[in-house]
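Just so you know, residue 1 is the first one in the sequence shown, and it goes up from there. Remember, it's 1-based here, ligands and their atoms both numbered in the order they're listed.
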Amino acid sequence: MPIQQICTVAGMTRLDASTWWMVLEAGKLVEEHGLRGGQFLHIKCGDGQLLRRPISVAYAGWDEPEDLVTLIFEVRGEGTRWLSRRKVGDELDVLGPLGNGFDMSKEGRYLLVGGGIGVPPLMEYAERSKPPKAAVLGFRTKDKAFPAIVSRFEEACEKTCLCTDDGTLGYHGFVDGQVRDILAKDNSFTDILACGPRPMLKSVVKVAAEFGVPCQVSMEERMACGVGACLGCAVKMKDGTMRHVCKDGPVFRAEEVDWDG
Ligand SMILES: Cc1cc2nc3c(=O)[nH]c(=O)nc-3n(C[C@H](O)[C@H](O)[C@H](O)COP(=O)(O)OP(=O)(O)OC[C@H]3O[C@@H](n4cnc5c(N)ncnc54)[C@H](O)[C@@H]3O)c2cc1C
Ligand code: FES
């Protein structure tokens, strides 16, 4: 059950001109309300913005006196610009926990696939989950592959492959090309967990299906209420129904989604 919580900004680190690493003191949102990585918080971004903005949880930790929650976000418009101007000690009005997160309850091996700002929501799954995992992380260019994030995957995963669109770091190309190379050698993964922009998800899902590997995807849609009360975030499913990304997702099984809808 989501609650409204006033959180204090405990850390604010600028990763580059448009990307921020924010740590919130979040009351007992983690310990008592079960907030975890891959879920999201719906954040009020100043009095001028009617709608809250959804930001994924990269890491949720039980701490004293308050739980600490890490958010990593990119400035896209007015709401995230307002968020980037917060200072340590400022207060934020957040709604959460929201959304479901990935399922790693089955034993086996997992392949984590993240693109751009879709990488941080996989961080906690890399570090906290017991099953062995490999990671494929894609970025536009080398400067966007922040060591503070990438190193956490490299330490936690048996193998971490980096890709850049411009070839300045790692494999030259999109993540689905790297996923194809990996699955061609070994398709014994229990599940692929993918987070990133919709075109990336669609390509990864196609490759996963070719090799018969099941896939979970975290979908990003524009949101309004964040709690299933409007149709702001509806996505079309293969069976013709519409599902809410905020309430039924953001993580869905890939085979449920109508990728052409
Ligand atoms: C479940 C979920 C989790 C998210 N997690 C993160 C995160 O961890 N880090 C992060 O940086 N961003 C995340 N986002 C995206 C973030 O919510 C948007 O960038 C933000 O709401 C934009 O608000 P704004 O006022 O800054 O920009 P606006 O002025 O509202 O929009 C600026 C531009 O971004 C586009 N845009 C806005 N929202 C979305 C969206 N949801 N999907 C695709 N395009 C959008 C608009 O079409 C416009 O072109 C997440 C979105 C969802 C739905
Ligand atoms: S944003 Fe209103 S139903 Fe999802």
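For the atom pair CG (Leu169) and OG1 (Thr164), the distance works out to 5.5 Å, reported to the nearest 0.5 Å.
A cation-pi contact, defined as under 6.0 Å to the ring centre and within 45° of the axis, links Arg86 to Trp82. The side-chain tip of Arg53 does not point at the ring of Phe73 from less than 6.0 angstrom away and within 45° of straight on.
Two residues are said to be in side-chain contact when any heavy atoms from C-beta on lie closer than 4.5 Å; Lys87 and Val9 fail this criterion.
Between Gly228 and His244, the shortest heavy-atom distance links the atoms O-CE1, 3.8 Å. Residues Gly138 and Val119 approach most closely at O-CG2, 4.3 Å, considering heavy atoms.
Note on residues 228-240: pairs passing salt bridge (Lys or Arg N to Asp or Glu O under 4.0 Å), not counting sequence neighbours, are Lys236-Asp258.
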*Under the side-chain contact (heavy atoms from CB on, under 4.5 Å) rule, what do Val235 and Phe252 come out as? Steps first, then yes or no, please.*
CA-CA 10 Å; Val235 281; Phe252 296 93; 4.2 Å; yes
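Within 4.0 Å of ligand 1, contacts by protein heavy atoms are made from Phe40, Arg53, Pro54, Ile55, Ser56, Ile72, Phe73, Glu74, Arg76, Gly77, Glu78, Gly79, Thr80, Ile117, Glu220, Glu221, Arg222, Met223.
The tally of protein N/O/S atoms under 2.8 Å from atom 2 (Fe) of ligand 2 stands at 2.
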Mind listing the side-chain donor-acceptor pairs of residues 199-210 below 3.5 Å, one per line with the distance, residues two or more places apart or on another chain?
from	atom 1	to	atom 2	distance (Å)
Lys202	NZ	Asp260	OD1	3.2
Ser203	OG	Pro199	O	3.0
Glu210	OE1	Arg180	NH1	2.7
Glu210	OE1	Arg180	NH2	3.4
Glu210	OE2	Arg180	NH2	3.2

